[in-house]
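Note that the structure is a prediction, hence the values are computed from the model and not measured. Throughout, a chain's letter reflects where its sequence line sits, starting with A, and its residues are numbered from 1.
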Amino acid sequence: MRVRFAPSPTGALHIGGARTALYNWLLARGSGGTLVLRIEDTDRERSTPENVAQILDALEWLGLGWDEGPLSQAERGERHREEVARLVGEGHAYEDEGAVRLRVPDEGATVVRDVIRGEVRFEHSAIDDFVIARSDGSPLYNLAVAVDDRDMAISHVVRGEDHLSNTPRQLMVLKALGAEPPLYAHLPLLHGPDGKKLSKRHGAASVQELREAGYLPEAVRNYLALLGWGADATTTFFTTEDLIERFSLERVSRNPAVFDEQKLRWMNGRYLRELGSGELARRLEDVYGARPGLAVAAAIAQEKMQTLADFWPLAGFLVERRETDECAWRKVMRDGARENLTEARHALAGAEPFDEPTVEAALREVVERRGAKPKDVFQPVRVAISGSTVSPGIFESVVGLGREETLARVDDALSRLD
RNA sequence: GGGGGCGUGGUCCAGCGGUUAGGACGCCGGCCUUUCAAGCCGGAGAUCACGGGUUCGAUCCCCGUCGCCCCUACCA
C-alpha cells in the first residue's frame, strides 16, 4: 500500500486534516506500506513556509511519521507543465484565453470506485471542460494531484469528502495520461458543534491548540481515530498498536462527525491517569519547565487532572507559593477556624514521621478533640497551604509540601487571623 | 441553478430483514468523602429525518420529499 497525506499549507493543521493524516498513517503502518507526505503548495498566494513548518511540527507531535517527503508540489512544476503540454499535443486539452482546459466528453459518465461509498457516478454532461493550467502556464490542483499520485505510484487516495466531487476530474486527467487510477476512499467531514463546517471559531480546532490545551498525543490519536470509525460496538480505548492492527477503511462511517471536546477531555484524563508518575512529570516539564517539587506535585495531582493544563491551577501551590483567593479565605476562615487551625498546627508540628498515615491520624485527632466536623479542620488547613478551597487530598498535599513549608504557610494564615 | 454525498438519543460509534434498537461522552440521582475531581451504582433521553412502496415482517431494500454538507475558481 502506498498512501499519501497531502495538506495544503494555507493554515495550521486542523483536526480534520490530522484525522486524515492519522488514517493514512494507520493504513501504511498496518500494511507494511509507505506514507508519502506531499505539501500541496501550488497556491502560492496562500501557502507559506511557516504553515509548512507548523504542519510538520503538528504531525511530529502527534507521532505520525512519514516515509517519503515532505515533497513540495510547487517544485514539481516542470513535470506538471510537461504533462500539460503532452495533453495539449495529444488533443486531450486545449488552450482557451491563455489557460489550458481538459476536454470533457459530452456523453457518458465517470464512475468513482470509492472504498467507503461504493460506486459514485458522475455524468459528463454536468462537468465543464475544466482549467488544468493558468494562463501563465502554472498547473492547477486537479492536474497536479493526478500527475503526482501517478508519478508517486499512490495505490490508495484517502482524503476528505470535500474532494469527492473533484475525483471524476482527476480520473479524467489520469485517463488522458494513460494512467491506471488509484483506489479512492473519501472520509466523512468533521463539523463544528453547530453542524457547520469546522472552523477556528469552534474551540480547539487546530493540533497546536490541542497541544497547548494540555492534551496527550496518544489520547488525541485515540479520540481522532473514533471520529469516523469504530472497530465494534463497544471498544473505546485502543493502544496505537491496536489501532494499527484493527483499523480498516471498510469500517469507516459515511456520515459527518462533530468534534466533541468534552469527550476528548474525558479520554485524555483516562490516559493521564495511566501514565507512570515519572512519565507524567516529564510531560509536565515540557509545559512548565523543570522545577523542584514538580514530580511530587505531579504524583499528587494526577488523579484529578484531565489535561496537563489542569495541573497548575490545581496543584501549582505545591511547587510555589501563590496568592490566596480572597473569596476562599472569607468562606473558610470564620467561626472556629482560628482555633482549629491553631490545633492543627500543633498536631502537624508533632507528627512523627511526617508521612501520610501519621499526618492523617494527627489531623483526625484534632477533629475529634475539637468535636468538629472533618471539614472544619481540613478546609482551613487547605486554604492556608493552597490559598484555595479546591486542592488534591489534604494529607498528600501537606506531606508533599513538607513540614517546614506547611507550618510556615499555616503560621502566616494564623497571623493574618489575629 | 446543476452535480454529488450524508440523515440511529444533545454528541461519537454499533446494528447490516425479525433486537426490550446496544456501548461511550455529556446530563440527572446515589454511593464514596476533607474540598474538587476520579471511581462505582442507578436513571432520564431515539416517532431509527419524513412519506410512499417491496415483504408475513423493515432502522436495515427501492422511490420520492425535506434537511445538512461538499463540488461546480486561471483555490486546494
Side-chain angles (χ1 to χ4, degrees), chain A residues 6-10 40-47 73 96-101 112 114 116-118 120-128 130-142 144-145 159-169 186 188-189 191 193-197 223 225-237 251 253-267 269-270 272-273 301-306 310 313-314 328 331-332 360 363-364 367 373-383 386 388-395 397:
Chain A
S8 177
T10 53
E40 310 224 312
D41 50 0
T42 52
D43 181 347
R44 287 149 306 176
E45 303 271 301
R46 298 188 298 156
S47 300
Q73 189 165 62
D96 173 38
E97 297 190 52
V100 180
R101 290 180 183 273
V112 177
D114 189 284
I116 296 169
R117 286 155 215 282
V120 185
R121 185 185 177 85
F122 295 85
E123 297 293 333
H124 292 334
S125 56
I127 301 177
D128 296 325
F130 55 97
V131 179
I132 57 176
R134 299 183 179 90
S135 42
D136 67 0
S138 61
L140 251 22
Y141 175 69
N142 284 128
V145 169
R159 72 220 314 189
E161 201 221 68
D162 49 339
H163 292 285
L164 181 56
S165 298
N166 271 322
T167 306
R169 294 182 175 82
H186 287 94
L189 259 22
H191 287 182
D194 55 1
K196 292 191 178 158
K197 208 178 137 188
Y223 177 74
L226 260 22
L227 228 43
W229 172 83
D232 52 51
T234 57
T235 312
T236 303
F237 289 93
R251 286 192 64 85
S253 79
R254 280 175 292 275
N255 45 313
V258 174
F259 173 65
D260 178 7
E261 190 170 356
Q262 285 200 98
K263 188 165 183 177
L264 207 211
R265 278 190 71 82
W266 164 79
M267 181 168 274
R270 295 280 300 250
L272 219 44
R273 266 165 263 125
Q302 184 166 22
E303 60 177 335
K304 294 175 192 291
M305 296 164 54
Q306 284 194 307
D310 288 345
L314 179 71
K331 190 174 167 191
V332 170
E360 174 163 4
L363 287 176
R364 287 200 187 281
V367 171
K373 287 179 181 172
K375 67 172 182 179
D376 294 333
V377 174
F378 301 159
Q379 282 302 77
V381 174
R382 190 187 310 282
V383 170
S386 76
S388 162
T389 54
V390 177
S391 85
I394 193 66
F395 314 123
S397 295

Separation of [X] atom [atom1] from [N] atom [atom2], in whole Å?
X: Gln306(A); N: C25(B); atom1: CD; atom2: P; answer: 11 Å
X: Lys263(A); N: G10(B); atom1: NZ; atom2: P; answer: 15 Å
X: His163(A); N: A76(B); atom1: NE2; atom2: P; answer: 11 Å
X: Glu360(A); N: U34(B); atom1: CD; atom2: C1'; answer: 9 Å
X: Arg270(A); N: A37(B); atom1: CZ; atom2: P; answer: 18 Å
X: Arg46(A); N: A73(B); atom1: CZ; atom2: P; answer: 16 Å
X: Glu303(A); N: U33(B); atom1: CD; atom2: C1'; answer: 12 Å
X: Met267(A); N: G26(B); atom1: CE; atom2: P; answer: 11 Å

Looking at the side chain of [X], which of [options] is the nearest nucleotide?
X: Asp260(A); options: A37(B), G10(B), G2(B); result: G10(B)
X: Arg254(A); options: C6(B), A76(B), A37(B); result: C6(B)
X: Glu40(A); options: C6(B), G5(B), A76(B); result: A76(B)
X: Phe395(A); options: U34(B), C71(B), A76(B); result: U34(B)
X: Ile394(A); options: A73(B), C36(B), U34(B); result: U34(B)
X: Leu164(A); options: C69(B), G5(B), A76(B); result: G5(B)
X: Arg169(A); options: A14(B), G4(B), U72(B); result: U72(B)
X: Pro256(A); options: C6(B), C25(B), C74(B); result: C6(B)
X: Phe122(A); options: C69(B), G3(B), C12(B); result: G3(B)
X: Val120(A); options: G4(B), C36(B), U34(B); result: G4(B)

Base, sugar-phosphate, or nothing for [X], non-hydrogen atoms under 4.0 angstrom?
X: Ala233(A); result: base
X: Glu97(A); result: base
X: Gly393(A); result: base
X: Pro188(A); result: nothing
X: Ser165(A); result: base

It should be established whether [X] places a side-chain nitrogen or oxygen under 4.0 Å from OP1 or OP2 of nucleotide [N].
X: Arg364(A); N: U34(B); value: yes
X: Ser253(A); N: C13(B); value: yes
X: Asn255(A); N: U8(B); value: yes
X: Thr42(A); N: A76(B); value: yes
X: Arg101(A); N: C74(B); value: yes
X: Arg134(A); N: C75(B); value: yes
X: Arg382(A); N: C36(B); value: no
X: Arg265(A); N: A24(B); value: no

Take atom [atom1] in [N] and the same atom in [M], then report the distance between them in whole Å.
N: C31(B); M: G15(B); atom1: C1'; answer: 34 Å
N: U8(B); M: G23(B); atom1: C1'; answer: 14 Å
N: C60(B); M: A21(B); atom1: C1'; answer: 12 Å

So, Arg134(A) and Ser138(A): side-chain donor and acceptor under 3.5 Å apart, yes or no?
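On atom types as modelled, these side chains qualify, holding a pair under 3.5 Å.
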Dot-bracket encoding of pairs in RNA chain B, which uses [ ] for pseudoknotted crossings and | for another strand, Watson-Crick or G-U under 3.5 angstrom:
((((((((.[[[[.)..(...]]]].(((((.......))))).....[[[[[..)....]]]]])))))))....
For Leu314(A) and for Asp232(A), locate the closest nucleotide of RNA chain B by heavy-atom distance; then report the residue assigned to the nucleotide nearer the 5' terminus.
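Its nucleotide being nearer the 5' end, the pick is Asp232(A).
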Can you work out whether Leu227(A) or Ser8(A) has the more 5'-proximal nearest nucleotide on RNA chain B?
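The residue mapped nearer the 5' terminus is Leu227(A).
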Give me the one residue out of Arg159(A), Arg254(A), Arg117(A) that meets side-chain hydrogen bond (donor to acceptor under 3.5 Å, both in side chains) with His186(A).
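When side-chain hydrogen bond (donor to acceptor under 3.5 Å, both in side chains) is applied between His186(A) and each of Arg159(A), Arg254(A), Arg117(A), only Arg159(A) qualifies.
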How about Thr389(A) and Val383(A): do any of their side-chain heavy atoms sit closer than 4.5 Å?
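Yes, their side chains come closer than 4.5 Å.
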Would you mind telling me which of Gln262(A), Arg270(A), Arg265(A) makes a side-chain contact (heavy atoms from CB on, under 4.5 Å) with Gln306(A)?
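For Gln306(A), the side-chain contact (heavy atoms from CB on, under 4.5 Å) check succeeds only for Arg265(A).
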